[in-house]
2 protein chains.
Amino acid sequence: MTASSKRTKKQAILETALGLFVSQGFHGTSTATIAREAGVATGTLFHHFPSKEQLLEQLFLGVKQEFADAIQASASSRGSLKQDAEQLWFAALNWAMANPLKQAFFQLYSMSPNLEQSVRDQAMHGILGFIAELIRQGQTSGELAEYPIELMQDNCHGQYLAATRYFVDHPERWQQAHERSASFALFWNAMAVR
Amino acid sequence: MTASSKRTKKQAILETALGLFVSQGFHGTSTATIAREAGVATGTLFHHFPSKEQLLEQLFLGVKQEFADAIQASASSRGSLKQDAEQLWFAALNWAMANPLKQAFFQLYSMSPNLEQSVRDQAMHGILGFIAELIRQGQTSGELAEYPIELMQDNCHGQYLAATRYFVDHPERWQQAHERSASFALFWNAMAVR
DNA sequence: GTCTATACCTTGATAGAC
DNA sequence: GTCTATCAAGGTATAGAC
């Protein structure tokens with residue numbers, strides 16, 4: 001088997017923990033359960049991760065990185081501001097649709113007390129930071145309303161979370177172009193100057 | 001002491017559990033800790049609530065009812081659709097600002113696997129159900145865009161959650177009229193026909 | 001209704017053979 | 001790196017006196 005097709009025990013533990021943390025919560029999932037479901041021994045789990053908390057943290061940072069890579073890969077081409085925003089919007093939604101478990105995990109644990117606040121804040125700023133720059137550009141060019149930037153940033157985030165919930169819960173609607181464009185219209189019109 | 005000023009042990013347990021469930025999560029909070037912090041014995045806790053799960057459920061349904069009462073009390077006066085929406089928006093935000101802990105609890109546990117899905121869904125439908133009716137009115141009168149209703153409903157919810165997070169995290173901004181009106185503008189413009 | 005005491009189980013983590 | 005075996009601590013819930 002090739003290097004890429006061979007799933008290591010460590011990866012198996014991470015993938016299993018992802019599913020269990022989403023469906024049962026952090027404290028609701030025991031390390032023994034993770035190990036059993038991943039097909040490894042508890043000793044193996046604690047060989048790869050010094051503690052249950054560290055396992056959660058590595059999982060969170062890994063998923064965050066995957067998401068950041070996915071949307072920044074498609075954020076390079078330059079068009080109008082609205083076109084750029086649209087591309088970003090659908091890149092983010094595409095990732096969520098392709099990785100519903102990771103999306104659910106990220107959403108649940110972005111506000112969870114099980115992760116240190118510094119870890120959570122850092123993740124949020126890294127991902128949402130460049131959104132603020134786009135908003136500023138739009139305000140300067142007169143395309144976007146001059147509301148407080150942080151409010152607009154939080155609003156973007158909230159609308160993204162709502163859209164992902166909607167489409168993940170109803171995958172067939174994601175196939176329909178008018179549903180997809182409606183989701184972006186709601187997002188854009190909230191901030192756009194009429 | 002009067003009937004209203006005398007806090008029963010049961011109420012003390014509920015209030016203590018509210019704070020602990022928010023700061024430490026459901027499984028992260030032990031019944032022993034709740035009892036100790038509430039100043040009662042564990043036996044007393046299990047006298048009032050048959051199980052830890054039932055305690056969470058009663059807490060959730062109680063908070064849901066408080067919220068529903070608060071916004072429906074101020075949703076009666078009839079003006080234009082936009083005026084009605086504005087009144088509703090600020091009634092909901094006012095409640096969140098006055099009850100930040102309950103808001104945080106409601107937000108965290110509305111999507112938590114610790115509560116049965118039927119309980120969560122029922123709560124959401126009861127609260128957001130009449131929003132759908134307002135949206136339909138706006139679409140008929142031509143004031144609101146004709147996007148799929150459920151998408152718009154979820155979008156409203158997401159924008160509300162974003163706004164509450166923003167103002168709860170920055171209470172001083174809630175005192176400024178232009179911040180408040182900006183939050184409603186974002187909400188309304190997302191759906192409004194230009 | 002409220003308490004103390006406790007039964008019984010599961011937990012996170014470790015030790016040491018392989 | 002992986003396993004089995006095990007520990008000490010903490011978990012939910014109950015029993016029974018007051």
Side-chain angles (χ1 to χ4, degrees), chain A residues 1-62 105 108-109 112-116 119, chain B residues 1-60 62 108-109 112-116 119:
Chain A
M1 57 186 73
T2 68
S4 63
S5 73
K6 182 186 182 203
R7 228 164 265 139
T8 69
K9 301 262 180 185
K10 183 170 180 177
Q11 285 173 314
I13 293 167
L14 283 169
E15 286 169 22
T16 305
L18 173 70
L20 289 172
F21 284 162
V22 167
S23 62
Q24 309 189 25
F26 178 67
H27 289 289
T29 304
S30 72
T31 51
T33 303
I34 297 172
R36 178 166 27 83
E37 195 143 316
V40 305
T42 66
T44 306
L45 190 154
F46 284 99
H47 170 75
H48 290 290
F49 306 94
S51 74
K52 193 185 174 187
E53 265 88 15
Q54 294 269 335
L55 166 58
L56 175 66
E57 196 172 307
Q58 285 195 37
L59 190 55
F60 183 80
L61 292 176
F105 171 80
L108 272 175
Y109 287 87
S112 156
N114 303 124
L115 273 166
E116 284 192 26
V119 178
Chain B
M1 56 185 75
T2 67
S4 63
S5 73
K6 181 183 181 205
R7 228 164 262 141
T8 69
K9 302 263 179 184
K10 182 170 181 176
Q11 286 172 314
I13 293 168
L14 284 168
E15 286 169 22
T16 304
L18 173 70
L20 290 172
F21 284 162
V22 167
S23 61
Q24 311 190 24
F26 178 66
H27 289 289
T29 305
S30 73
T31 50
T33 303
I34 297 172
R36 178 167 25 82
E37 194 143 316
V40 305
T42 68
T44 306
L45 190 154
F46 285 98
H47 170 75
H48 290 291
F49 306 95
S51 75
K52 194 185 173 186
E53 264 87 13
Q54 292 271 333
L55 165 57
L56 175 66
E57 196 172 309
Q58 285 195 37
L59 189 54
F60 183 80
L108 274 174
Y109 288 88
S112 156
N114 303 124
L115 273 166
E116 284 193 26
V119 177

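To find a chain, count down the sequence lines: A is the first, B the second, and so on, and within it residues start at 1.
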Can I get a per-line list of side-chain donor-acceptor pairs under 3.5 Å for residues 26-33 of chain A, giving both atom names and the distance, sequence neighbours left out?
| from | atom 1 | to | atom 2 | distance (Å) |
| --- | --- | --- | --- | --- |
| A:His27 | NE2 | A:Asn114 | ND2 | 3.3 |
| A:Thr29 | OG1 | A:Leu20 | O | 3.2 |
| A:Thr29 | OG1 | A:Gly25 | O | 2.7 |
| A:Ser30 | OG | A:Thr33 | N | 3.0 |
| A:Ser30 | OG | A:Thr33 | OG1 | 2.7 |

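- Among pairs with a residue in residues 41-56 of chain A, none fulfils side-chain hydrogen bond (donor to acceptor under 3.5 Å, both in side chains), at least two apart in sequence or across chains.
- Residue-level contact check: B:Thr42 touches the bases, meaning some heavy atom is under 4.0 Å from a base atom.
- Using a 4.5 Å cut-off on side-chain heavy atoms (C-beta onward), B:Phe49 and B:Leu14 make contact.
- In the region residues 16-24 of chain B, proximity to DNA chain D at under 4.0 angstrom, judged on heavy atoms, holds for none of the residues.
- To the nearest angstrom, P of D:dT12 lies 10 Å from CD of B:Glu53.
- Checked by atom type and distance alone, the side chain of A:Thr16 pairs as donor or acceptor with a backbone atom of A:Ala12 at under 3.5 Å.
- Between the CG atom of B:Leu45 and the C1' atom of D:dT14 there is a distance of 13 Å, given to the nearest Å.
- Partners of A:Phe60 according to the ring pair (Phe, Tyr, Trp, His ring centres under 6.0 Å) rule, which considers only residues two or more places apart in sequence or in another chain, are A:Phe106.
- Minimum heavy-atom separation, A:Ser23 to B:Pro113: O-CB, 3.1 Å.
- Contacts of A:Thr44 with the nucleic acid, taken as non-hydrogen atoms under 4.0 Å apart, include base atoms.
- Residue A:Thr29 is in sugar-phosphate contact alone, with no base atom involved, counting any heavy-atom pair closer than 4.0 Å across all strands shown.
- A 4.0 Å heavy-atom criterion places the boundary nucleotides of DNA chain C facing chain A at C:dT11 to C:dT14, written 5' to 3'.
- The shortest side-chain heavy-atom distance between A:Leu55 and A:Ile34 falls under the 4.5 Å cut-off.
- Counting to the nearest Å, the C1' atom of D:dG11 and the CG atom of B:Asn114 are 15 Å from each other.
- Residues passing the ring pair (Phe, Tyr, Trp, His ring centres under 6.0 Å) test with B:Phe46: none are found, sequence neighbours excluded.
- Contact of the A:Tyr109 side chain with the A:Leu59 side chain is not registered, since no non-hydrogen atoms from C-beta on lie closer than 4.5 Å.
- Rounded to whole angstrom, the span from the CD1 atom of B:Ile13 across to the P atom of D:dT12 amounts to 14 Å.
- A straight line from CZ of A:Phe46 to P of D:dC7 spans 17 Å, rounded to a whole angstrom.
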